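If you're wondering where the values come from, they're calculated on a predicted model, not measured in any experiment.
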Amino acid sequence: MSAASDLQSVNQQSTGTDVQSHCVLTGHKEERSPRPRRAPKIPDFQCLLQNMPDPLTARKTIWLPFMQKILQCDEQTVIIGHSSGAAAAMRYAETHRVYGIILVSAYTSDLGDANEQESGYFCSPWQWEKIKSNCNHIVQFGSTDDPFLPWSEQQEVADGLHAELHQFTNRGHFQDEKFPELISVVCKMMKAP
């Protein structure tokens, strides 16, 4: 998960039905992996990786159409968003039905940063009720020791969405190579109705 500009699409293998579930990982805009990354192993799922366009600014006007047209995020999709990817996941869910969103290091404002202002995610109020009505599942991971995001921003997301919050005190900005809690949540979500 540390190369969060990678996009991960996880397609459920055929189990006698025509329904496919997808997990899409959108990530922190400034991280870019120069080497191929291995997707986490999720039983009965095939994992594919793809870089997000516009990784430095992560513009809403580029990422959201990419999520709709190229990644085809829909009612059977779980969007996993890290940092700027969490903002993209929330804005996408304001206007599109998705199966669920998993937010990692989510925040609500541009934090006074010019690049965040340019991204376009923070120009209008968050539509918490629309996001909740468009998602069957909302899970959030946050850490009180995040060096980039104040806890108050992360808590505001949890409160606004009534998210299933997984609060940590020692995970920083979740840039570790291993994130077993995320894999567990994805597996649990895929089994839920």
Side-chain angles (χ1 to χ4, degrees), residues 1-10 21-31 40 42 52 58 60 63-64 66-68 71 73-75 77-111 116 119-122 124-169 171-176 179-190 192:
M1 291 283 293
S2 67
S5 64
D6 289 336
L7 179 103
Q8 172 185 320
S9 177
V10 182
S21 298
H22 306 281
C23 287
V24 173
L25 172 65
T26 60
H28 191 275
K29 61 188 171 206
E30 295 175 12
E31 294 178 9
I42 300 175
M52 290 296 285
K60 179 175 93 169
W63 278 28
L64 299 190
F66 183 83
M67 292 167 70
Q68 180 180 16
L71 303 175
C73 296
D74 62 16
E75 299 86 6
T77 303
V78 175
I79 300 173
I80 304 170
H82 174 248
S83 197
S84 296
M90 292 187 293
R91 287 298 184 196
Y92 190 86
E94 285 179 341
T95 57
H96 299 84
R97 284 213 38 84
V98 296
Y99 185 73
I101 56 176
I102 300 175
L103 309 170
V104 182
S105 298
Y107 53 109
T108 58
S109 77
D110 62 32
L111 304 166
E116 294 291 345
S119 73
Y121 294 110
F122 309 103
S124 60
W126 291 99
Q127 299 178 41
W128 304 122
E129 294 304 316
K130 286 186 179 181
I131 297 169
K132 290 188 294 187
S133 70
N134 282 334
C135 298
N136 295 332
H137 304 277
I138 302 173
V139 177
Q140 180 182 351
F141 291 92
S143 189
T144 58
D145 69 339
D146 191 313
F148 307 113
L149 307 175
W151 179 251
S152 59
E153 294 261 341
Q154 298 175 73
Q155 186 66 58
E156 185 177 349
V157 172
D159 293 344
L161 294 176
H162 303 286
E164 175 188 318
L165 178 62
H166 297 255
Q167 180 179 344
F168 295 86
T169 59
R171 297 299 284 277
H173 200 57
F174 292 89
Q175 295 174 306
D176 302 323
F179 196 168
E181 301 88 353
L182 173 65
I183 302 303
S184 295
V185 164
V186 171
C187 290
K188 178 180 160 190
M189 195 178 286
M190 291 300 133

* Given side-chain contact (heavy atoms from CB on, under 4.5 Å), test Ser109 with Glu116 step by step and report yes or no. => CA-CA 8 Å; Ser109 77; Glu116 294 291 345; over 6 Å; no

Over all heavy atoms of both residues, which pair between [X] and [Y] is shortest? Give the atoms and the distance, please.
X	Y	value
Arg91	Tyr121	NH2-O, 2.6 Å
Tyr107	Trp126	O-CZ2, 4.2 Å
Phe122	Asp110	CG-N, 3.6 Å
Glu94	Asn134	O-ND2, 3.3 Å
Ile101	Ala93	CG2-CB, 4.4 Å
Leu103	Ala86	CD2-O, 3.7 Å

* To do: Just jot down the side-chain contact (heavy atoms from CB on, under 4.5 Å) partners of Asp159, sequence neighbours excluded, or say none.
  =>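 In terms of side-chain contact (heavy atoms from CB on, under 4.5 Å), with neighbours along the sequence ignored, Asp159 is linked to Gln155.
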
* Begin with the C-alpha distance, continue with both residues' side-chain angles, and end with the deciding distance and a verdict on side-chain contact (heavy atoms from CB on, under 4.5 Å) for Tyr92 and Cys73. => CA-CA 9 Å; Tyr92 190 86; Cys73 296; 3.5 Å; yes

* Asked: Just by modelled atom types, is the Gly100 backbone N or O under 3.5 Å from a matching donor or acceptor in the Asn136 side chain?
  ->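 Side chain of Asn136 to backbone of Gly100: no pair is present.
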
* May I ask you to decide if Gly85's main-chain N or O and Ser83's side chain share a donor-acceptor pair within less than 3.5 Å? =>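 Flag not set: sc Ser83 to bb Gly85 has no pair under 3.5 Å.
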
* Intermediate values then yes/no, side-chain contact (heavy atoms from CB on, under 4.5 Å), Lys130 and Thr95 -> CA-CA 7 Å; Lys130 286 186 179 181; Thr95 57; over 6 Å; no

Distance from [X] atom [atom1] to [Y] atom [atom2], nearest 0.5 Å?
X	Y	atom1	atom2	answer
Phe66	Met52	CZ	CE	5.5 Å
Asp74	Tyr99	CG	OH	13.0 Å
Ile80	Leu182	CD1	CG	5.0 Å

* Give a yes-or-no answer on whether the side chains of Asp146 and Ser143 include a donor-acceptor pair shorter than 3.5 Å. =>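 No.
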
N/O donor to acceptor pairs below 3.5 angstrom from side-chain atoms of residues 160-169, sequence neighbours left out:
{"residue": "His162", "atom": "NE2", "partner": "Lys132", "partner atom": "NZ", "Å": "3.3"}
{"residue": "Glu164", "atom": "OE2", "partner": "His166", "partner atom": "NE2", "Å": "2.8"}

* **Flag side-chain contact, heavy atom, 4.5 Å: His96 against Thr77** =>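 Contact flag for His96/Thr77 side chains = no.
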
* Please work out which of the three classes, parallel, tilted or perpendicular, describes the rings of Phe174 and Phe179, given edges at 30° and 60°. =>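 Answer is parallel, since the angle falls under 30°.
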
* Worked check of side-chain contact (heavy atoms from CB on, under 4.5 Å) between Val185 and Lys188 -> CA-CA 5 Å; Val185 164; Lys188 178 180 160 190; 5.7 Å; no

